[in-house]
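First the structure, in the form of C-alpha cells, and then the observations on it.
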Amino acid sequence: MPELPEVENLRRGLNSRIKGQIVKKVSVFAPKLVSGKGNVRHASGAKTRLFIRAFKGEKIQDIERRAKNLIFHFQSGKILLVHLKMSGQFVYQERHKNVVEGGHPIQLSEIKLPNKHTRVIFELNKGVLYYNDTRMFGYLLYYPTIGTLIRENHFHKLGLEPFDPHFTLKYLAEELKKKTGKIKTVLMGQGIVTGLGNIYCDEVCFAANIRPTRRANSLKPNEIKKLHLAIQHILKRAIEMGGSSIATYRLADGSRGNYAREHRVYGKDGKPCVICGEDLKKIIVNNRSTVYCASCQV
DNA sequence: GTACTTGTTGAACG
DNA sequence: TCGTTCAACAAGTA
C-alpha cells in the first residue's frame with residue numbers, strides 16, 4: 001500500500017523523469033477512475049472524453065504532493081489530481097531504459113506493460129507513463145485550474161503536513177482536546193495531521209505508549225508530547241526507508257521497500273512485544289485491524 | 001468458498 | 001448543525 005513516504009518518493013521520481021515532457025496521447029481503460037472521487041462513482045463517457053482531450057499536447061511543469069495526493073501542474077495551468085488509494089501505481093518506462101515505479105509494489109515478473117491492471121496510459125515524448133490499479137479505488141481527475149481543484153475538493157478538511165513548521169506540540173494538543181473519538185480513529189481521519197494510515201497509526205501509538213482506543217481528549221500532556229515526537233520520528237524514518245527502496249528502484253535489482261522491517265506492532269499480533277515480551281493483541285478499531293501491547297500501551 | 005485486507009468518504013446516527 | 005461511527009468500494013491472498 002502506498003504510504004505517504006512512497007507517495008513522496010514517487011513524486012520525486014516522477015519529477016526527475018517526466019518533468020518538462022509533453023503528453024502526446026492519453027488512453028483510458030477504466031472510465032470510472034477519471035469520473036469523480038468517492039465510493040460511489042459511475043463511468044461517464046463525457047468525462048472520459050474530456051479527460052483524454054484535456055492533457056493532449058500539454059507540458060508537465062511540476063508534480064506536487066498534498067497528503068497522499070499527487071498534483072500534476074501543467075504549463076497551461078491545467079491540473080491532474082491523482083490519489084493511488086490502496087493499489088494504485090505509476091510505472092514509467094523510457095525506451096530501452098530503466099523502469100521507475102512507485103506506489104503499490106510490483107513483482108519483477110509483473111513488469112509487462114501494459115498489463116491487465118493498467119487503467120490509464122500517458123504517452124509522453126520520451127517514454128510512457130502507466131497507471132496501474134488492481135482494486136481501482138484510486139482516481140485521476142482533471143481540473144482546468146488549481147483554483148477549481150481547491151474549490152471542488154476537500155483539501156480544506158486536511159490537517160497539516162507532518163513536517164509543516166506549524167505542526168507543533170501546542171497545535172496537536174489543542175486539536176486533540178476537541179476530539180472525543182478514539183486516538184487511532186482521529187489520527188487516521190487526516191483532519192489534524194496527514195499521512196498516518198493504518199500501519200503508521202499503530203506504530204505511532206506503540207511508540208508513544210498510548211492504547212489506540214484511548215479517547216483523544218483524554219491524553220495527558222506528556223503523552224501528547226510523546227505522540228508528537230513519534231509522528232515526526234516515524235514518518236521521517238519511513239520517508240528515508242522509502243527513499244532507499246523506491247527512488248532507487250531499478251528493473252535490474254528489483255529491490256523492495258525496507259520500511260516493513262521496522263514495524264514493531266503492525267502485522268505482528270500474537271508475537272512478543274519487542275519491549276516487554278508480552279504477546280501483542282489484535283482488535284478492531286475504526287473498522288481496521290489494530291495491534292497493540294496491552295502491557296506497554298495504557 | 002470464506003474471511004480478511006487497504007484509504008477515504010458519503011450516509012447514517014445521535 | 002455537527003461530531004462520530006460505519007459500511008462501501010474491488011480484487012487479491014491466506
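Values in this document were obtained by computation on a predicted structure and should not be read as measured data.
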For [X] and [N], what is the distance between atoms [atom1] and [atom2] respectively, to the nearest whole Å?
X: A/Leu33; N: C/dA11; atom1: CG; atom2: P; value: 10 Å
X: A/Lys85; N: C/dC9; atom1: NZ; atom2: P; value: 13 Å
X: A/His83; N: C/dC9; atom1: NE2; atom2: P; value: 19 Å
X: A/Met136; N: C/dA10; atom1: CE; atom2: P; value: 7 Å
X: A/Leu84; N: B/dG7; atom1: CG; atom2: P; value: 12 Å
X: A/Phe137; N: C/dA10; atom1: CZ; atom2: C1'; value: 5 Å
X: A/Lys157; N: C/dC2; atom1: NZ; atom2: P; value: 12 Å
X: A/Asn286; N: C/dT4; atom1: CG; atom2: P; value: 12 Å

Once you apply a heavy-atom cut-off of 4.0 Å, does [X] come out as touching a base, just sugar-phosphate, or nothing?
X: A/Asn287; result: base
X: A/Ser289; result: sugar-phosphate
X: A/Lys282; result: sugar-phosphate

Lys/Arg-Asp/Glu bridge criterion (N-O < 4.0 Å) met for A/Glu223, A/Lys226: no
Here's a test of your reading of the structure: between A/Arg215 and A/Asp133, which maps to the more 5' nucleotide of DNA chain C?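 By nearest-heavy-atom nucleotide position, the 5'-most residue is A/Arg215.
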Would you kindly compare A/Lys116 and A/Arg288 by the position of their nearest DNA chain C nucleotide and give the one closer to the 5′ end?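 The answer here is A/Arg288.
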What's the closest nucleotide to the A/Tyr266 side chain, out of C/dT5, C/dT4, B/dT6? B/dT6
Assign the ring pair A/Tyr139 / A/His83 to parallel, tilted or perpendicular, where the plane angle (0 to 90°) is split at 30° and 60°.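 If you compare the ring of A/Tyr139 with that of A/His83, the planes turn out tilted.
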Check the orientation of A/Phe55 and A/Phe51. Use parallel for under 30°, tilted for 30 to 60°, and perpendicular for over 60°. perpendicular
Result of checking A/Asp133, A/Val34, A/Val28 against A/Arg119 for side-chain contact (heavy atoms from CB on, under 4.5 Å): A/Asp133
